[in-house]
Amino acid sequence: MKSLKAQHHSLADAHAQLAILAYGQDGTAIPISFRDKLAQSQSYPFKARQIDTLQVNIGKMCNQTCKHCHVDAGPDRKEIMTAETMQLCLDVLRQHEQLTVVDLTGGAPEMNPNFRWFVEQLTRLGKHVIVRCNLTIILANKKYADLPDFYRKHRVEVVSSLPFYAQDRTDRQRGNGVFDASIHALQLLNRAGYGKEGSGMKLNLVYNPSGAFLPSGQIALETTYREVLRQRFSIEFNELFVITNMPISRFLDYLLMSGNYESYMEKLIHAYNPAAAANVMCRNTLSVGWDGYLYDCDFNQMLELKVNCESQHIREFNHQTLKEREIVVGNHCYGCTAGSGSSCGGTIA
Amino acid sequence: MSEHYYDEKDLAKFGNIGEFQKELGDRFFAYYGEVFKDSELSAREKSLIALAVAHAVQCPYCIDAYSTDAYEKGWSEAQLMEAVHVAAAIRGGASLVHGVQMMNKVKKIAM
């Protein structure tokens with residue numbers, strides 16, 4: 001499967017996505033905009049509170065082409081963060097002790113040729129490093145086979161997508177063979193000590209719905225995941241993060257093609273939870289794009305909605321300005337505020 | 001008036017059922033909410049039971065609602081279908097077990 005960009009698909013254009021999110025497919029405006037919904041719950045204007053996490057997207061290249069991917073990542077994407085831009089991130093992180101967490105994402109972040117150097121420098125600065133590892137990369141090529149040991153050496157927290165504990169739903173979303181490869185990779189991570197009680201090496205899994213429905217309760221799903229993965233595959237993990245699919249990019253394409261777009265948006269709007277809105281991750285996280293531009297979150301990054309302040313690039317980083325910024329919101333934000341809410345760390349309300 | 005006896009959009013209006021009789025409607029929804037909470041059975045298990053019952057009573061609204069709910073709660077396609085087979089088996093069995101009554105009657109009147 002090719003990325004939307006490689007297909008020259010209309011939804012590869014962020015403006016086309018934003019137009020659909022505002023006016024639907026047939027020009028009918030959404031019943032209530034996210035901004036108005038925030039205002040109704042006395043949450044507008046929507047401002048950042050602090051910045052303790054830098055989420056850095058170090059490239060859109062990936063060994064997988066998942067059907068729901070909000071990045072439109074894949075083997076045909078060549079956008080990769082350079083060592084120079086990484087150095088700019090390191091300079092900012094060195095100067096700001098309050099930025100304690102660095103969350104590396106992609107694509108498959110490991111495919112960036114400077115990935116290991118970047119992780120080494122980050123841990124040298126004493127930052128807590130999270131890597132969003134798609135699991136299959138560990139088995140994709142011999143040069144990645146030692147990743148579990150590399151992660152262990154640098155005390156990296158590994159967060160990995162496993163959309164379901166069974167093959168069918170996982171492979172339908174992430175590609176044929178992904179479930180088996182993911183199980184094998186999880187066993188390798190366990191063998192390196194990840195996910196084992198008392199090891200201090202965190203292995204967290206991510207569930208996201210494989211279709212046009214909302215995620216269920218995180219605790220109940222985590223219990224089921226733990227039982228099934230332990231019984232069938234002897235796999236241990238720390239936590240399960242339940243994440244809602246954002247109606248953008250490839251998942252938006254799926255919603256439109258399957259005729260589920262309107263009902264999905266209705267569900268998100270109906271499930272709006274002001275308590276979740278209060279805790280969304282953009283209030284304490286800043287997202288850095290592969291080219292160094294700054295965004296409120298990885299989703300805004302893919303929609304090309306830069307931060308609403310003067311510090312628009314990592315080289316212009318001004319902590320005070322950024323932590324007081326008003327967050328750029330759009331109707332896709334309903335994805336983070338539905339039900340128990342959604343963030344890269346799971347539910348939030 | 002709707003042109004159909006069943007309209008999927010009516011499911012979202014279920015909450016308005018108290019419009020004509022508020023007190024009973026409120027009591028029903030309070031009871032309904034309590035029933036589906038995690039308790040001796042988990043909400044996840046109850047969702048699968050609800051799906052089977054929905055098929056037994058052949059309620060299209062309930063089938064819509066609990067197909068989604070049970071799938072969201074992590075039951076697989078095969079598990080959902082097995083629940084429907086339980087409903088079908090009980091319904092089928094309910095007919096067939098009356099065959100005993102038929103046999104009793106026939107044996108009584110036959111030479």
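Residue numbering restarts at 1 for every chain, and letters A, B, ... go by the order of the sequence lines. Hydrogens, waters and symmetry mates are skipped; everything else that's a heavy atom, side chains included, is used.
Surrounding CZ of Arg226(A) are more than 12 heavy atoms belonging to other residues, nucleotides or ligands, all under 6.0 Å away. The neighbour count for Leu24(B) CG, taken as heavy atoms of other residues, nucleotides or ligands under 6.0 Å away, is above 12. Residue-environment remark: CD (Glu262(A)) stays at or below the threshold of 12 foreign heavy atoms within 6.0 Å. Around CZ of Phe233(A), the count of heavy atoms belonging to other residues, nucleotides or ligands within 6.0 Å exceeds 12. Remark: Gln79(B) CD is packed, more than 12 non-hydrogen atoms of other residues, nucleotides or ligands lying under 6.0 Å away. Within a 6.0 Å sphere centred on CE of Met1(A), other residues, nucleotides and ligands contribute more than 12 heavy atoms. The neighbour count for Lys202(A) NZ, taken as heavy atoms of other residues, nucleotides or ligands under 6.0 Å away, does not exceed 12.
Side chain of Glu72(B) to main chain of Leu214(A): a donor-acceptor pair is present (N/O by atom type, distance under 3.5 Å, no hydrogens or angles).
Residue with the most contacts toward chain B among Phe213(A), Tyr207(A), Tyr225(A): Phe213(A) (heavy-atom pairs, distance under 4.5 Å).
The stretch residues 91-111 of chain B places none of its residues near chain A, where near means some heavy atom under 4.5 Å from a heavy atom of that chain. Contacts between residues 171-186 of chain A and chain B, defined by a heavy-atom separation under 4.5 Å, are made by Arg172(A). Residues from residues 40-69 of chain B that place a non-hydrogen atom less than 4.5 Å from a non-hydrogen atom of chain A comprise Arg44(B), Thr68(B), given in numerical order.
Proximity to chain B (any heavy atom under 4.5 Å) is restricted, for Leu221(A), to the side chain, taken from C-beta onward. For Phe164(A), the part sitting under 4.5 Å from any heavy atom of chain B is the side chain, from C-beta outward, and nothing else.
Nearest heavy-atom pair, Tyr71(B) versus Ser210(A), reported as atom, atom and distance to 0.1 Å: OH-OG, 4.3 Å.
Checked against side chain to side chain contact (heavy atoms under 4.5 Å, CB included), Ser342(A) has the following partners two or more places apart in sequence or in another chain: Ile243(A), Thr244(A).
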